[in-house]
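Data block below; observations after.
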Amino acid sequence: MYKAASLGLLRSTPLRSSPSSLFKPLASSRISASLVGSRSVAFVRPLGVLSGSLRYSCGSDRRSSSGSVRALIGEKSAVVDRFERNFATMAAENPFKGILTSLPKPGGGEFGKYFSLPALNDPRIDKLPYSIRILLESAIRNCDNFQVTKNDVEKIIDWENSAPKLVEIPFKPARVLLQDFTGVPAVVDLACMRDAMNKLGSDSNKINPLVPVDLVIDHSVQVDVAKSENAVQANMELEFKRNKERFAFLKWGSTAFRNMLVVPPGSGIVHQVNLEYLGRVVFSTEGLLYPDSVVGTDSHTTMIDGLGVAGWGVGGIEAEAAMLGQPMSMVLPGVVGFKLNGKLKNGVTATDLVLTVTQMLRKHGVVGKFVEFYGEGMGELSLADRATIANMSPEYGATMGFFPVDHVTLQYLKLTGRSDETVSMIESYLRANKMFVDYNEPQAERVYSSYLELDLASVEPCISGPKRPHDRVPLKEMKADWHACLDNKVGFKGFAVPKEVQDKVVKFDFDGQQAEIKHGSVVIAAITSCTNTSNPSVMLGAGLVAKKATELGLQVKPWIKTSLAPGSGVVTKYLLQSGLQDYLNKQGFNIVGYGCTTCIGNSGDLHESVGAAISENDIVASAVLSGNRNFEGRVHPLTRANYLASPPLVVAYALAGTVDIDFETEPIGIGKDGKNVYLRDIWPSSEEIAETVQSSVLPDMFKSTYEAITKGNPMWNNLTVPATSLYKWDSESTYIHEPPYFKGMTMSPPGPHSVKDAYCLLNFGDSITTDHISPAGSIHKDSPAARYLMERGVDRKDFNSYGSRRGNDEVMARGTFANIRLVNKLLNGEVGPKTVHIPTGEKLYVFDAAMKYKTEGHNTIVLAGAEYGSGSSRDWAAKGPMLLGVKAVIAKSFERIHRSNLVGMGIIPLCFKQGEDADSLGLTGHERYSIDLPTNISDIRPGQDVTVTTDNGKSFTCTVRFDTEVELAYFNHGGILPFVIRNLASSQN
């Protein structure tokens, strides 16, 4: 059992209910859940949703005004009346209780009961993709004809016909996953919602997570110290010094809120911990069995899809609503069937495979869809390889990259310490409910929305960059591609470096020795990110490259910042077991900490002499990392070229010292015998790697690692927090600040808002990412956020990162659009976090311009191109613009999670019509924009057209991207959180 609050993993005592609640829908019962497995701890916490709280109606057609969420949109009295009439009768009993079936144990007795899909005797179910069957089971289990209706179940069963119609369904995930960057603002919002409930005269304790919530602190550690045996301890001490207030706040949250588990700093990366430890695959909740499913506030939550658990990223505000029992409204997705054949060639890595898959799926177009992998090639992929592919779902644009459970999954569960009985239960349940794939048996034909196929033997070594993860470059073409990038005009594949300076060499002094860099020189080489550090084959492969290079006498240049940040303590154990960590250390890849580090921009400072050489000579320096994101300005402000590569290639590029190399024909260095050493001389074979994995990765490593994290560490355990249910806000804090979202809130929804004569705050092109909108990295010394901190006595050395200060809305509002690589068309080619205040023509920081507009009483909008909001799921990328006064974003297209987040914060997302954009319409951003929406929410429909007019006589038609009736309800209430508060405050129970 997890220990009391003083220990490492914290969860407060849950509610319990009698086993008789099995026969009522989980939507209206409180049931404690235990984590099945032999691990020495059990999770005891309720699953389901708020008992008796009021939620939207799920009528037969959410796109019609009757029988839908529109009943909630009216006045409170109507809402309460509807609740009192319907809840007791409609939510009392699950209409599918007749298919509740016993699952027998092989030796007698039963594992539990489950809602049996085969018992429906519907042949359509046999053709459903496995990922859709998980949605179906959830709908059946939670069906109460109130939140989830029989009609919703029918839509899912009829997926082949209903999915193309983009019908809406409710979904209730089994649990919610957070990391600390997104977890802190989530807990801040929950604390603030409690205060709002108090002010509305309601019970603040209604604000409690009602599904299991796991929060892993992994985003705060920075690579301040590298190339040192003491780096882990030194970086953790700095991490605690910078983040003590945040960590104490999270520790308070774990005691103040029910069902919240906090995994302390230094334990690992959230997605690897989820894969190796937190993932249940099948839940057992007081005798009821059902599939694990999870939504997380990090877009790479999809990594768990490799384990056969349905999981994807959502915005922080969506996750908060899910915690509080709100069903998630989603469009029933299409599913792309991705068939894998053959086997990877010798020397080709899982990273090469995932970069290839990412490029294929980007080209195919999978935004808003599930991707489901199948085929004979599945047997050739380890679970870790599958998790690597699933992890990068956001990069190829899919909601999920799903791998159904098969024998490979079961083997991994045993390897990672799940008990034999647990694995037996999982297999028995999934087989009985037609959710298990046995490739030894004939496969029933499944129907997919579209199909792709890849011969694994065709995958070749590659990297991706220099600015986007889907810009794959075959390794053999890298040198030519690099020179093309130097020549090309500034863009995703261009730096526009004049020919006459492309070969410039800059010499400088580095700690008393002569050093030099040029365009393409590697200055950061980082083995980092859950994408790869969860995969023993590539991690041990990196160690073998380091070993062979060391034995031949090669050495990484001392001015290259090298680092290794494992995703869990298991990696350290097997690197030590294999003896390869010593060789990695000799090449400078000492372990720096257990967290995301360089992958999210926590790369730490470069040596002062290196930074000066780059900036004073306008050098296009490179970073090579085993991460999943390489957007400009993300990894480090001074590395304009950033390449994603497998861990072995990270070591190789560090040894070469440049990306300007053809590994086939050019040596990587000169050995101690004076002979040229090529990449092929230090590259391990697939057999070498497999043998090392077999002898080094052992089940006891997983057991001992995860037993240890329950004890925390001394720095965490010494944090003291008050035992209060309401948070005592400190007005002097620069980390945790009470946000203004609910100030002046009443029980009456404000209704929809139009936009009148708004100025354009920013005018963007394509592929503006959440890193551009709300950066996570360092706070620039001249920025509005820096000014705010310095005015409050914070020294520059203590600024920390934007990501670490997400609990303070004042800092984050000032950090909105603060990326130093921001390209805003209003600035006519100038790059940086500024804009033009249209009425005066002044060039100002974006925050200062926005405040000037607000002071003058003007609304603002943002113009954008395609893929607006791509990248990490980052709720501050929506909260920040809302605080700046942005009322609408007009774009060619939106990334899925970001569009949802904009709706959740009350910002109107609009799409230009196909073939149109700001440029084609002749919009400069100097116009004033009006968007006329009906004042009655019932007059607005999902996806309807509206006319946008400008003050110079132009008008054009856009599609309003409220995609569901539920999103219209959120808009009517001013956002998802006010919607939830009013519902809970209205609740009679």
Side-chain angles (χ1 to χ4, degrees), residues 268-269 271-272 275-276 303 306-307 340 342-358 373 377-392 403 407-409 411-416 456-457 459-463 475 527-549 564-581 583-584 589 625-628 644-652 679 682-699 701-702:
I269 301 177
H271 307 306
Q272 190 161 342
L275 188 74
E276 295 175 351
M303 187 169 187
L307 194 66
L340 298 172
K343 181 180 180 180
L344 292 174
K345 290 184 294 191
N346 186 37
V348 175
T349 68
T351 315
D352 301 322
L353 171 58
V354 72
L355 295 179
T356 303
V357 167
T358 297
F373 294 89
M378 292 281 282
E380 299 295 332
L381 295 182
S382 70
L383 195 290
D385 292 345
R386 299 174 184 192
T388 298
I389 296 169
N391 178 282
M392 287 191 71
F403 289 81
H407 286 107
V408 173
T409 319
Q411 291 166 5
Y412 180 83
L413 291 172
K414 291 179 179 179
L415 171 68
T416 50
L456 295 175
V459 177
E460 56 186 338
C462 58
I463 62 176
L475 207 58
I527 300 175
T528 178
S529 170
C530 52
T531 305
N532 285 291
T533 67
S534 61
N535 195 323
S537 65
V538 291
M539 296 301 287
L540 290 166
L544 288 168
V545 169
K547 178 177 185 289
K548 291 171 182 282
L564 166 58
S568 82
V570 176
V571 180
T572 302
K573 285 183 169 66
Y574 66 63
L575 285 173
L576 291 172
Q577 171 78 16
S578 66
L580 295 174
Q581 185 61 57
Y583 294 101
L584 286 164
F589 288 95
L625 65 153
S626 62
N628 45 50
L644 305 181
S646 66
L649 275 177
V650 170
V651 178
L679 179 63
I682 60 173
W683 198 258
S685 68
S686 299
E687 289 73 21
E688 279 181 274
I689 293 173
E691 289 171 8
T692 309
V693 170
Q694 186 70 29
S695 61
S696 304
V697 184
L698 307 172
M701 294 176 177
F702 294 89

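Below, all heavy atoms of this structure are taken into account, side chains as well, without hydrogens, waters or symmetry copies. Everything quoted here is computed from the prediction, not taken from an experiment.
Side-chain atoms of Thr349 and Asn532, non-hydrogen and from C-beta on, never get closer than 4.5 Å to each other. Here the side chains of Met392 and Thr531 are in contact, with some heavy-atom distance below 4.5 Å. Using a 4.5 Å cut-off on side-chain heavy atoms (C-beta onward), Ser529 and Leu625 make no contact. Proximity of Tyr574 to Gln581: side-chain heavy atoms (C-beta onward) are nowhere separated by under 4.5 Å. Within the 4.5 Å cutoff, the side chain of Leu381 has heavy atoms near those of the Leu340 side chain. Two residues are said to be in side-chain contact when any heavy atoms from C-beta on lie closer than 4.5 Å; Phe403 and Ile389 meet this criterion. Residues Arg386 and Thr409 have side chains in contact (heavy-atom distance under 4.5 Å, counting atoms from C-beta outward). In this structure, the side chains of Val697 and Phe702 come closer than 4.5 Å at one or more pairs of heavy atoms.
Annotation: the span from Thr533 atom OG1 to His271 atom NE2 amounts to 10.5 Å, rounded to 0.5 Å. Atoms OG and CG, on Ser537 and Asp385 in that order, are 5.0 Å from each other to the nearest 0.5 Å. Rounding to the nearest 0.5 angstrom, the gap separating the CG atom in Leu540 from the CG atom in Leu584 is 9.5 Å. Expressed to the nearest 0.5 Å, how far OG1 of Thr416 lies from CG of Leu307 amounts to 7.5 Å.
Between Thr356 and Cys462, the closest heavy-atom pair is OG1-SG, 4.2 Å. Of all heavy-atom pairs between Ile527 and Ala542, the closest is CD1-CB, 4.0 Å. When all heavy atoms of Pro647 and Val538 are compared, the pair lying nearest together is CB-O, 3.5 Å. For the residue pair Ser626 and Ser646, the shortest heavy atom distance occurs at CB-C, 4.3 Å. Across all non-hydrogen atoms, the minimal contact from Asp352 to Glu460 is CB-O, 3.7 Å. Ser568 and Gln272 get closest at one heavy-atom pair: OG-NE2, 3.4 Å.
Counted within 6.0 Å of CD on Glu687, heavy atoms from surrounding residues, nucleotides or ligands total more than 12; the atom is thus considered enclosed. Environment of NZ in Lys548: crowded, with over 12 heavy atoms of neighbouring residues, nucleotides or ligands closer than 6.0 Å.
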Q | Steps toward side chain to side chain contact (heavy atoms under 4.5 Å, CB included) verdict (Leu564, Val571) | A | CA-CA 11 Å; Leu564 166 58; Val571 180; 5.6 Å; no
Q.
Between Asn346 and Ser686, is the side-chain hydrogen bond (donor to acceptor under 3.5 Å, both in side chains) condition met? List the steps.
A. CA-CA 5 Å; Asn346 186 37; Ser686 299; 3.0 Å; yes
Q. Does the pair Leu580 and Leu544 meet the rule for a side chain to side chain contact (heavy atoms under 4.5 Å, CB included), with working shown?
A. CA-CA 7 Å; Leu580 295 174; Leu544 288 168; 4.0 Å; yes
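In this structure a side-chain-to-backbone donor-acceptor pair under 3.5 Å is present from Ser695 to Thr692.
When the options Thr388, Asn628, Ile269, Leu275 are evaluated for a side chain to side chain contact (heavy atoms under 4.5 Å, CB included) with Met303, the one that passes is Leu275.
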